**Student:** 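Mind having a look at this structure? Questions to follow.
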Amino acid sequence: MTRIDEIAPGIYRVSTHVPGIGPTGMSFNQFLIDAEQPLLFHTGHRSMFDAVVEQVGRVVPVERLRWITFGHLESDECGSMNQFLAAAPHAEVAHGALGCMLSVNEMADRPPRALADGEVLDLGGKRVRRLETPHVPHGWDAGVLYEETTNTLLCGDLFTHLGDGPPVTEDDLVAPAEQVEDAMHATCLTPETGPTVRRLAELEPGTLAVMHGSSFVGDAGSALRRLADGYDTRLAAAR
Ligand SMILES: [Fe+2]
Ligand SMILES: [Fe+2]
């Protein structure tokens, strides 16, 4: 069951709820930015391609997709990267320069565009900035996207929470995310984890586009700082 909802002006969440992960299931969300150069942030699993592309096509003909992007190498992030490249002849994968060197140059069916830390892609009506976050939440090549015109942080696995909630919530996500962290231990805890998340908080986003769970509208800077504090506490407890 895959659906599409607009979570910020021109930013659409393609959501597939997968029951059987934990007590209430988990959603796998991809984000489509509708602009002159449409962009997809994470593709979803290879096995989800047909469902995701069908929903994308309700907003943008898939062959118009210009950019295929994701946070880090993992099957839910970029499992159908090459299927999208085949379906969208003008599309390029855009990923951090390190990740291109480590993996994407070899794995993508067409050469990727390597983005520097902080580099902006002007999509025509929307502007996305790639921010490198090595090992946050996991993966050496990890990074996030920040969409400047809507003040939206596409934060990938940060704030992962379970259930089949609404597309957008104003409810606090820190506690549900900490419950998932306690159960799944998905985050790479290092001395840089908290500071990296605090740097994202300085953007003071108004919307968080969350890969697993509801997107959040509200004081996301505060939420990111409290998430960072939680990581610091976990790291200190492990010493
Ligand atoms: Fe991940
Ligand atoms: Fe994920």
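Index from 1, following the sequence. Small disclaimer: the values here were computed from a predicted structure and weren't measured. Each ligand, and each atom within it, is numbered from 1 in the order the structure gives.
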**Student:** To 10 degrees, how wide is the angle NE2 (His72) to the Fe ion (ligand 1) to NE2 (His138)?
**Tutor:** 90°
**Student:** Do Asp141 and His95 have side-chain atoms, one donor and one acceptor, less than 3.5 Å apart?
**Tutor:** yes
**Student:** Quiz question: by atom type and distance under 3.5 Å, do the side chains of Glu92 and Trp67 form a donor-acceptor pair?
**Tutor:** no
**Student:** Could you name each residue pair satisfying ring pair (Phe, Tyr, Trp, His ring centres under 6.0 Å) that touches residues 154-185, not counting sequence neighbours?
**Tutor:** none
**Student:** Can you sort out the partners of His138 under ring-ring contact (aromatic ring centres under 6.0 Å, His included), two or more places apart, ordered by chain and number?
**Tutor:** His72
**Student:** Ser214 and Thr169: side-chain donor and acceptor closer than 3.5 Å?
**Tutor:** no
**Student:** Going by ring pair (Phe, Tyr, Trp, His ring centres under 6.0 Å), name the pairs with one or both residues in residues 195-216, residues two or more places apart or in two chains.
**Tutor:** Phe28-His212
**Student:** Which protein N, O or S atoms lie under 2.8 Å from the Fe ion (ligand 2)?
**Tutor:** Asp76 OD2, Asp157 OD1, Met211 SD, His212 NE2
